[in-house]
Structures are given as structure tokens and as C-alpha cells.
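Bear in mind that the values here come from a model prediction, so they are computed numbers and not experimental data.
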Amino acid sequence: MDTLVTGPLDRSVDRRAFLARTAALGALGAAGSVALPAVTAATPSAGATTADVEPRPEALTDPAELTVAEAATLIRRGRLRPETLVEAYLDRIAAHDGTYQAFNLVRAERALAEARAAGTRGRGALAGIPLAIKDNYFTEGTLTTANSLLLRDFVPPYDATSVARLTAAGAIVLGKTQMGPLATTRATTPDGRVTTVNAWAPTRPEVNPGGSSTGTATAVAARLAASGTGTQTGGSITAPSNAQNLTGLKPTMGRVSLYGIVPLTYTRDHPGPLARDALDAAILLRAMAGPDSHDPRTQGLPGVPDLVRAATPVRQRGRVRLRWPTRIGVIPGYAQGGSESAAARAAFLDTLAGIPGATVVDVPLPAEWELLTGSAFNNVRLPERSEPFLPQLRTDLRGFGVSVLGWLQGALLGADEYVLGQRAKLLLLERVLGDLFARCDVVVQTGPVPFDILGLPELALPIGFSADGLPLGTILGGLPFGEDRLLSVAAAYQAVTGWHLRRPADPAPRRAAALARTAPAAHRLDAVEAAETTQ
């Protein structure tokens, strides 16, 4: 039995201070080196960075099926060579990425060289683990385009902080993944032609794989990488995770540095992992998180808690229980209606209610919810994406490709609308923290809004499948820096269910190859569609 030592971090955070910090961040717009108000006195990071997990029998015969935790355990025990693991993924990329189009660049030779070296150097938490990195993360000496004509020749002189921390923990960058142009939509070419497909429907390009971290999601789901990184501004970690049977974690604003990541919206960009289960997500986030002198958003925060422990299921007398007593708030209409999604959500709540320590409670939405979370106020994010690119907007609109309308909207939004929107955001945050979370510790959601607007953490996880075999997922939202509690709930649910263990079938080579040649011409987003779906 696992003995409880400390409680979750979320209940020790000063909510008023987080509100003040959010206000300061919005007022600064581009904070630069300006310090933000501290949420609490920063404490040293603590806790395990690795987990010792006995691999599943089916994974022992196929290295690409190993989770991060399983593969790392085998590597530490000397039962798996990193080179063997990298080769397994490179073989699958060679066989299937012509169909999936998950990667826009594969570092095959470099990845193999790093894998060979991994056996003789340190044993970090991710030593020898091949990762897929979204192409808006800087990678030193490796092309980083953010899938944009504006950056088509950009080779960064340094790694993004997140990448540097992952590789310092021993991870191997397998390649850079396809994404929505400048992180705005599902993965397309800059002119809107669909590229990456959903790993669960590789012959149906019209099935949305989620955006804009599409390539990473497809790579992880299709077993082309052990795990990977994404960014979320308006759903681009949670949406592709739900669409492709993954566990995606968007952390609290500031928990992970944004230094070295191509910006989209200063006050809403969040880096985070897309993984196969809660434990893998915890291992990656633990490596990525922490203060960074280059990013003031990371300063003055609580130390990173023991995320790996939080994501390790607790068993008492052979039965799974929640690590901490947790009230799970259910918003109106969450599991109502006759849809497959509603039925899956109802079953999800029933399963949670049966886990000791979980209490499922109905929670009302705060006043003026529809207004404050609607598109009018949501669109105040747009000037923040336009401002860094004003010179390009003045000289060559063609560089923005199919997503140009969103950038123009941002450049044309009035200052009064922006200020009003920032005030509405603070009012919404105050009501979420004071009203919604007065009755619960975690809240279930049907979409990313408003938690990505407010900088609050979200975790997406699989909860079933549709009749035609497509994944169904849901989202849990938490209090500031409540990633440990979210992981604990997801870990308990995944310990008593098996949805997250399902793997999509490999595409039939001939049919898929033919489709890959015709799909870009047949499926295209125009500028209006891109504006409607932009995050």
C-alpha cells in the first residue's frame, strides 16, 4: 500500500495571487525581463523523475509498443539497447509515414548516433527515449519552420528550454513534426493542403486528427515515437489527444518555459506533452518543467511537485483508489443527450464514482458563462499573435498562407476591445476560481475553453470509441498548478480501464500509399475554414 505523505499542490496555492499574476501578464503583453508577482515562495523541486514499471508482455515483443516508463525501465535494467528502440521507430517511420505524414523532418543518422552513445553516458529519466518534437520548438542546428513560409529557412542557434531539458534527461529527438501553419489549424501545408492524417483513420483525411499539434499526436498514436511535445493556445494538446486516444497535459501558465518556441499568443501559449498514458505524461512534464531565467512567466512559482508519484496508481487491499480525496465537478449537460460522446462521458463518470476517494458532484456554471467564454472575448487573443509579425504583415501577406485572416483580424482589433477583453478574462478567472472551484477540485469539460484562456491546467484522456472505431476522449480541468491532482485522477481511471492501451492498426501499404498521393489535392482548408478553426 502507498502511504500518503503530502497533499496535492493545488490547495496550497494563493488564488488571489494567481489572479494578480494573470492581470499583470495581460497588462504587460510582452513581459520581456519584467518580473511578475509571485504566486507563492518558490520551493525546491522534489520527487522522482523516473518510474520502475514491469513492461506488459505484448510490449516485450515489439519495442515500439513500449511506453516511456516501460522502455526506460528496460534500458536502466540493461534489457533494451537505446539503439534497438530508435531503430524500431525509424523502421516504422520508413514503412508508414508516407501515409501518416506525421514528420516534416526525421533526424535518422543523428538519432542513431545519440542512441549508441546513450548506453555509455548518464542514466537520465529519459535516457535513450525517442521523442517527436513539434516544429515550433527551436532545435539547435535543425530546421525549425513552424510550418510557415516566413520561417522556411530558419535554423535556430540554440534549443528551446523544453528541448534542452528533455535531452539533458537523455531523450533523443527523433524528428520534427508536422503542425498547423504557425500553430493555427490542423496540419496542412502553408497554402492549406491537408497533410497529417488521424492514425485511427489513415484512409480518411477528412477525419480531423486535432490541431495544431497534429503531427506529434499522429506520431505517438501510430507508434512512430515513444512520446512527444505539443503546444496549446486554443486546444492543440487536448484536441489531438482526444482525437487519437492519447493522454495530453496542458500545464498551468508558467510551469514550462516558452523560451525558444515560436510564439502564437503570449498570454495563452502552453508547451506540454502528448503521451500514451498519465505516467508517461508525468515523466515528460517533470523533465520539461521548472524556472527559466529566460522566461519571467516561470519565476516565483511553487516548486514542481512529485508528478511521477502522483501519476502512479495507488492500491489498497488490491483495489485502486485515488491518491487524494477529490471532488469531481460535472458541468450542466456534460453527459446528456443521445450521442456516443455523451454515453461515453456517462460511463466515465460512473467509473470514477466507483473509485474510492472520488466524489462526483454537479456544479453550476458561473454567471455570464456563455458571454465570457464566447468567441467575442476569445478573439481578444488575436492582437498578441499579430504584434510580433507586424513587419511581415505590412510587407507580404502571402507569407501567412491560409491562416492570414486571423493575423489580419488581430492587427485590426481596436485597443478598446483588447482592454475590455482582458478585463473580461480576469472576471472569468475570478468566477472560475471563486465559484466553480468552491464545490470541486477537478472539473470535467467538453472542450478546452476557458481553461486555456485562463492559463489553468488541463488533462485530456481516452474514455472509449465510437461505433466506427474512432477514439472518444474527455478533458479534466484543474486549479492553478494542480497538474499532480489531474494526473492522479487520470492514473486511477487508467488503472481500472484499458482504453489508453488500444493501438490503431497499421495502414494497408498499397491503398494508403495511393491515398497519400491524392489526399493533399483532394482535401484543402481555405482561408475562411482556417479562420473558423484557428486556435
Query raised in the report: Which residues satisfy the salt bridge (charged side-chain N to carboxylate O under 4.0 Å, His left out) test with Arg21, sequence neighbours excluded?
Result: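 If we apply the salt bridge (charged side-chain N to carboxylate O under 4.0 Å, His left out) test to Arg21, skipping adjacent residues, there are no hits.
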**Report entry** Stepwise side chain to side chain contact (heavy atoms under 4.5 Å, CB included) test for Val197 and Gln101
**Finding:** CA-CA 7 Å; Val197 295; Gln101 300 182 71; 5.5 Å; no
Whether the side chain of [X] engages the backbone of [Y] through a donor-acceptor N/O pair (distance < 3.5 Å, no angle test) should be reported.
X	Y	answer
Tyr100	Gly215	no
Arg276	Leu66	yes
Thr177	Gly175	no
Glu430	Leu19	no
Arg223	Glu65	no
Ser213	Ser236	yes
Asp97	Ala102	yes
Asn147	Gln178	no
Gln299	Asp292	yes
Asp269	Thr265	yes

Query raised in the report: Do Arg297 and Tyr266 meet the cation-pi criteria used here (NZ or CZ under 6.0 Å from the six-membered ring centre, within 45° of the axis)?
Result: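 Geometry flag: set, cation within 6.0 Å and 45°.
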Heavy-atom closest pair, residues [X] and [Y]:
X	Y	answer
Ser227	Val68	CB-CG2, 3.7 Å
Thr142	Val155	N-CG1, 3.7 Å
Ser212	Ala183	OG-CA, 3.3 Å
Leu456	Gly478	CB-O, 3.7 Å
Leu284	Gly228	CD2-O, 3.8 Å
Leu274	Val220	O-CG2, 3.9 Å

Query raised in the report: Is it true that Tyr259 and Phe138 have ring centroids separated by less than 6.0 Å?
Result: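 For Tyr259 and Phe138, the ring centres are not under 6.0 Å apart.
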Supply the atom-to-atom distance [X] [atom1] to [Y] [atom2], rounded to the nearest 0.5 angstrom.
X	Y	atom1	atom2	value
Trp200	Phe465	CH2	CZ	3.5 Å
Asp452	Thr233	CG	OG1	8.0 Å
Leu151	Asn136	CG	CG	10.0 Å
Phe18	Leu301	CZ	CG	9.0 Å
His500	Leu246	NE2	CG	11.5 Å
Thr185	Met179	OG1	CE	9.0 Å

Whether [Y] and [X] form a salt bridge (side-chain N of Lys/Arg under 4.0 Å from carboxylate O of Asp/Glu) is what I want to check.
X	Y	answer
Arg92	Asp506	yes
Glu368	Arg431	yes
Arg165	Asp159	no
Arg204	Asp468	yes

pair [X]-[Y]: side-chain heavy atoms closer than 4.5 Å:
X	Y	value
Asn378	Arg268	yes
Leu454	Thr22	no
Asp295	Thr161	no
Pro462	Pro471	no
Arg381	Thr267	no
Tyr493	Ile463	yes
Phe377	Leu420	yes
Leu476	Leu461	yes

Query raised in the report: Among Leu224, Val106, Leu85, which one satisfies side-chain contact (heavy atoms from CB on, under 4.5 Å) with Leu90?
Result: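 With Leu90 as partner, side-chain contact (heavy atoms from CB on, under 4.5 Å) holds for just one option, Val106.
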Query raised in the report: Taking it one step at a time, do Arg107 and Val173 satisfy side chain to side chain contact (heavy atoms under 4.5 Å, CB included)?
Result: CA-CA 7 Å; Arg107 304 200 309 183; Val173 176; 3.0 Å; yes
Query raised in the report: Between Ile475 and Phe451, does a side chain to side chain contact (heavy atoms under 4.5 Å, CB included) hold up when you go through it step by step?
Result: CA-CA 10 Å; Ile475 303 172; Phe451 280 58; over 6 Å; no
Query - Pair listing, side-chain hydrogen bond (donor to acceptor under 3.5 Å, both in side chains) test, anchored in residues 245-254, at least two apart - result: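 Of all non-adjacent pairs touching residues 245-254, those that pass side-chain hydrogen bond (donor to acceptor under 3.5 Å, both in side chains) are Thr247-Gln494, Lys250-His270, Thr252-Glu483.
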Query raised in the report: Looking at Thr216, Thr229, Thr231, which hits side chain to side chain donor-acceptor pair (under 3.5 Å) with Lys134?
Result: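 When side chain to side chain donor-acceptor pair (under 3.5 Å) is applied between Lys134 and each of Thr216, Thr229, Thr231, only Thr231 qualifies.
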Query raised in the report: How far apart are the C-alpha atoms of Gln445 and Thr238, what are their side-chain angles, what is the distance that settles it, and do they pass the side chain to side chain contact (heavy atoms under 4.5 Å, CB included) test?
Result: CA-CA 11 Å; Gln445 303 167 250; Thr238 54; over 6 Å; no
